[in-house]
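Worksheet: one structure, shown below.
Note: hydrogens, waters and symmetry copies are ignored here, and every other heavy atom, side chains too, is used. If you're wondering where the values come from, they're calculated on a predicted model, not measured in any experiment. As the structure lists them, so they are numbered: ligands from 1, and atoms in each ligand from 1.
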Amino acid sequence: ASADIGVFGLGVMGANLARNLARNGYATAIFNRTPARTEKLMAAHGDGSEGIFVPASELDDFVASLSRPRVAIIMVKAGPDTDIVMEQLALRMEEGDIIVDCGNSLFSDTIRRERRARELGLHFVGAGVSGGEEGALWGPSIMPGGTIESYTRLGPMFEKISAHYEGEPCCAHVGADGAGHFVKMVHNGIEYADMQVIAEAYDLLRKGLGLSPAQIAEVFSTWNEGELDSYLIEITAEVLRQKDSHSGCALVDVIVDQASQKGTGKWTVQTALDLAVPVTGIGEATFARGASCATPQREAARGLDAAALPLTISEPDTFIDDVRRALFASKLVAYSQGFDEITAGAQVHEWNIDKAAIARIWRAGCIIRAGFLDDIASAYEADPELPLLLAAPPFAQRFEQCLPSLRRIVALAATSGVPIPVFASSLSYFDQIRAERLPAALIQGQRDFFGAHTYQRIDKPGTFHTLWAEEGRPEEQWD
Ligand code: NDP
């Protein structure tokens, strides 16, 4: 046995992760179902200049080449293919060996697989990996779950190959079994919301001021110097600057306006519904992708009178600043909600998740890397039990400063018919949670009326039911 670690699956992510491991000094065994991919990797990078690869065309040889306790990374399509590969590896591994799934697996699948591996005497680590192709090669953000014992063996390797932020690795043990994939799922959900708020800002600038994509790119580049500093703002400017070589116009103008999805946003929302956590920003962002693809509905609605007023902006600089602040406030709401989902998931699944550490490992390498994650880390360090991120210093003050802009932008967009699902829902969410009293009392009354679902009173303890239709009858107390 001569390899420190192995990678099964040499697609886009697997090949780059294997090269990252080898470059960092780990002899890396490589295997792919279709041997051509292994041969291609060896032909391109197997001359020793990028580190040591141990190629195998047979799975038995791949497993045999790993030094014990063995560590084999699965980097294949998520879903049933991961189960197939896990079983193939488990058959050949021995007690104490570690199978690591770095694909985008659903956390509940990871919980199931970890249980199964444990029964076989193996460790199973579900590790979220973010950063795409470039990240996998040069340093991703890594979110490993699984046992502490497995992290002792795996952690040093992952911390070395991960991105680093001011010298600190963007990798930390997240929690038991599916915790890593859970946190990666929420990361992707936040990514959906972050992308959507940027898109809403772009749409407002375009429709409000008639700016060209290249001019809006300049605005985004300026924003990237301030509190919005992030990878997504940076690449947005680049996307907007790109010209189409065919037509000569902005490339964004020839791209079909239908946003696809691979499912991690949907999982975040489905899971949030199960946990009863309002992740309105992520939810609206996911639905917005769906709405963009709802072709028959879009066609049918196009003929309706929108009763919208023209969007006329008298002070462009003030408008641009309002849009920037509305974007920041909505983004903050989405992150705050995402962390609420992590808190709720950790409670239900009994994971001990350090949210400050999560914010820290998202500061570099991953898609949502952003300047303000440093402040999120500090906020959770100061108070790990923080009930509401957006109400914590330094965010509370920044959020309050942005609120007038958010209100102006939401009102303006509503009257002029510009769709802003995440901006609008972020404001509504805030107005709900800050309200002294919500109309939820009325909902309770309705529920008790038609279904005897009972309610509680503000002035005395107990559970009550009213015989609503019979006027004058006293309420009945149920327990
Ligand atoms: P690719 O489509 O590039 O590669 C898929 C790989 O899976 C191939 O090596 C393929 O082998 C292998 N595979 C599929 N089914 C089986 C099977 N039944 N048995 C053995 N091998 C199988 O995928 P990616 O590299 O893009 O993605 C891999 C994982 O990483 C996915 O879970 C993805 O969600 C996740 N991910 C991807 C990111 C990205 O930016 N692309 C970012 C973060 C995570 P073969 O060559 O034989 O077909």
Checklist entry - To which protein heavy atom is atom 35 (C) of ligand 1 closest, and what is the distance rounded to 0.1 Å? => result N104 N, 3.6 Å
Checklist entry - So do M185 and T271 actually touch side chain to side chain, heavy atoms under 4.5 Å? => result yes
Item to check | Charged N-O contact under 4.0 Å between R115 and E119 | outcome: no
Item to check | Nearest protein heavy atom with distance in Å, relative to atom 5 (C) of ligand 1 | outcome: K77 N, 4.4 Å
Checklist outcome for this item: Looking only at protein heavy atoms, what sits closest to atom 48 (O) of ligand 1 is R33 NH2, 2.9 Å
Checklist entry - For atom 4 (O) of ligand 1, what's the nearest protein heavy atom and its distance? => result G11 CA, 3.5 Å
Item to check | Ionic contact status for R112 with D83, cut-off 4.0 Å | outcome: yes
Item to check | M13 and ligand 1 - part of the residue with a heavy-atom distance under 4.0 Å | outcome: both
Next on the checklist: With a 4.0 Å cut-off on N to O distance, would you call D253 and R206 a salt bridge?
Outcome noted: yes
Item to check | Which segment of L10 sits under 4.0 Å of ligand 1 when only heavy atoms are counted | outcome: backbone
Checklist entry - Are F107 and H181 near enough that their ring centres are under 6.0 Å apart? => result no
Checklist entry - Between N32 and ligand 1, which residue portion shows a heavy-atom distance shorter than 4.0 Å: side chain, backbone, both, or neither? => result side chain
